[in-house]
Engineer: 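Below: one structure in structure tokens.
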Number of protein chains: 2
Amino acid sequence: MSVRQTLKMLGLSALAITISVEWLSWLFRRLWPERSPRGPLKEVLFFPTTTTCVEHLLNPNTRSTVSCPCPCPLPHGLETPFTRLLQHLLSASVSLDLCVFAFSSQELSRAVLLLQGRGVAVRVITDKDYMVITGSQIGTLRKAGICVRHEMGAVHMHHKFAVVDGRRLITGSLNWTLTAIQSNKENILVTEEPDLVRPFIREFQQLWDSNDPARRFPSTSPLTNELPHLRDRVSSV
Amino acid sequence: MSVRQTLKMLGLSALAITISVEWLSWLFRRLWPERSPRGPLKEVLFFPTTTTCVEHLLNPNTRSTVSCPCPCPLPHGLETPFTRLLQHLLSASVSLDLCVFAFSSQELSRAVLLLQGRGVAVRVITDKDYMVITGSQIGTLRKAGICVRHEMGAVHMHHKFAVVDGRRLITGSLNWTLTAIQSNKENILVTEEPDLVRPFIREFQQLWDSNDPARRFPSTSPLTNELPHLRDRVSSV
């Protein structure tokens with residue numbers, strides 16, 4: 001067989017293989033949609049959840065393993081909707097944008113502080129009224145240097161979503177409170193579907209910008225820039 | 001050119017075209033992801049929304065068009081997140097499974113009643129405390145014959161989701177109240193992505209079954225089957 005004939009044979013074989021693969025792939029997707037590639041991450045979590053030890057996630061020095069067990073009486077090593085939520089949050093390596101109505105869960109607060117300690121850029125938007133309720137973790141986050149803004153233009157900033165690394169959306173009915181996690185019927189949807197993530201990124205940025213204290217209380221005086229309630233006093237002196 | 005040569009030429013041309021189409025398609029998806037097929041419905045709505053007239057959606061006899069205008073002073077003919085929400089709900093032709101914490105919006109109540117009037121099978125699960133607050137529409141729905149169950153096993157039934165025709169999920173932070181729609185920062189996510197819809201269908205069915213009054217108060221007496229508070233009276237007579 002000449003070189004030319006061999007090349008032609010190879011060309012025809014490649015054509016046959018390409019068409020076969022295309023059609024088999026189409027047929028596979030039609031017949032077994034469940035087994036086809038799922039595309040971007042999609043996960044749904046329901047609450048309330050069983051209370052388990054999460055020290056192995058929040059404190060890497062305390063292992064919940066047999067070799068170095070955590071001494072607490074809670075069940076260890078179980079995967080629950082709450083451990084999944086923590087894992088999704090702790091997967092952040094660049095940024096965490098959090099927009100949450102009520103935030104009083106100490107474990108979720110520890111997760112956010114842990115991320116900040118790792119150098120993840122954390123931004124938080126919350127509700128002006130619920131950020132001061134008993135047990136709120138907003139003060140703890142602010143004391144740790146995390147930038148928190150509160151929405152002033154609405155009756156309530158009722159969102160409960162987070163965007164991890166600008167690509168993973170965590171959203172649902174669940175406020176970041178112990179009651180929500182352990183006692184309420186709640187849902188959380190986690191997805192990396194760009195068409196769903198992008199609008200939430202835009203919403204976060206818009207809320208972040210519109211609730212910038214510097215924009216809210218513009219002033220040329222450095223003294224009164226962040227302390228608008230002092231402006232009247234200063235001007236009346 | 002012989003027949004054999006012609007066939008080979010055609011084969012090679014087909015191969016070249018197939019590969020070119022594959023690569024152009026890949027390149028197109030990479031360069032213009034917005035224009036590629038999106039797959040199942042995915043939509044995100046943010047609130048608060050501008051208040052507009054929705055009579056043309058809720059009352060087909062009153063048209064908001066120039067030919068037969070609605071006389072109310074609200075803006076007409078605008079598409080808002082709320083009109084989109086109504087359109088998604090009113091697209092139901094078979095069933096509406098609604099699982100909502102607080103339900104006091106009269107317009108959403110009218111939409112549900114409209115669906116029931118059209119023969120759509122409506123099921124509602126709500127919260128035991130919030131179903132009796134002032135302005136709650138749950139009584140109105142029950143009086144109209146819609147089957148409503150309230151969750152008893154949790155501190156709060158805090159979900160806010162609906163499944164339309166067993167395939168379209170509407171979920172988010174938004175309770176079905178006027179404040180949520182007109183005054184709060186809220187989100188709603190609408191999708192027909194099966195991996196996201198299926199878990200919510202299962203959750204609804206599980207809550208529906210576990211809150212069946214007949215299961216909660218089992219009785220062999222027809223008299224006391226739905227009236228458990230009468231059981232003691234009957235037995236003490």
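Since the structure is predicted, the reported quantities are computational estimates derived from the model, not experimental observations. Numbers restart at 1 for each chain; the letters A, B, ... are given by sequence-line order, proteins then strands.
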Engineer: Are the side chains of A/Leu196 and B/Leu196 in contact, using a 4.5 Å heavy-atom criterion?
Structural biologist: yes

Engineer: Are there residues of residues 100-111 of chain A that reach to under 4.5 Å of chain B by heavy atoms, and which ones?
Structural biologist: none

Engineer: If you tally heavy-atom pairs under 4.5 Å against chain A, which of B/Ile19, B/Asn175, B/Thr171, B/Val155 wins?
Structural biologist: B/Val155

Engineer: Select all residues of residues 159-168 of chain A having any heavy atom within less than 4.5 Å of some heavy atom of chain B, and report them by number, or 'none'.
Structural biologist: A/His159, A/Lys160, A/Phe161

Engineer: Answer with side chain, backbone, both or neither: which region of B/Glu186 has an atom nearer than 4.5 Å to a non-hydrogen atom of chain A?
Structural biologist: both

Engineer: How close do A/Ser183 and B/Ala154 get, counting heavy atoms only, and between which atoms?
Structural biologist: O-CB, 3.2 Å

Engineer: To the nearest 0.5 Å, how far apart are CG in A/Leu174 and OG in B/Ser173?
Structural biologist: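 Rounded to the nearest 0.5 Å, the CG-OG separation comes to 12.0 Å.
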
Engineer: Grab the two heavy atoms, one from B/Asn184 and one from A/His158, that are nearest each other, plus how far apart they are.
Structural biologist: ND2-CB, 4.2 Å

Engineer: Within a strict 4.5 Å, meaning less than it, do heavy atoms of the A/Glu193 and B/Lys42 side chains meet?
Structural biologist: yes

Engineer: Out of B/Asn187, B/Asp127, B/Leu207, B/Leu12, return the one with the most heavy atom pairs under 4.5 angstrom to chain A.
Structural biologist: B/Asn187

Engineer: Between B/Glu43 and chain A, which part of the residue has a heavy atom less than 4.5 Å away: side chain, backbone, both or neither?
Structural biologist: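 Just the backbone, heavy atoms under 4.5 Å.
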
Engineer: Does any backbone or side-chain atom of A/Pro48 lie under 4.5 Å from a heavy atom of chain B? Answer side chain, backbone, both or neither.
Structural biologist: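 Answer is neither: A/Pro48 stays 4.5 Å or more from chain B.
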
Engineer: Would the number of heavy atoms belonging to other residues, nucleotides or ligands and lying under 6.0 Å from OH of B/Tyr130 be above 12?
Structural biologist: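 It does not: B/Tyr130 OH has 12 such atoms or fewer within range.
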
Engineer: Between chain A and each of B/Gln182, B/Met157, B/Glu203, B/Lys8, count heavy-atom pairs under 4.5 Å; write down the option with the most.
Structural biologist: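 Most heavy-atom pairs within the cutoff with chain A belong to B/Glu203.
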
Engineer: Need one label for A/Leu189: side chain, backbone, both or neither, based on atoms under 4.5 Å from any heavy atom in chain B.
Structural biologist: side chain

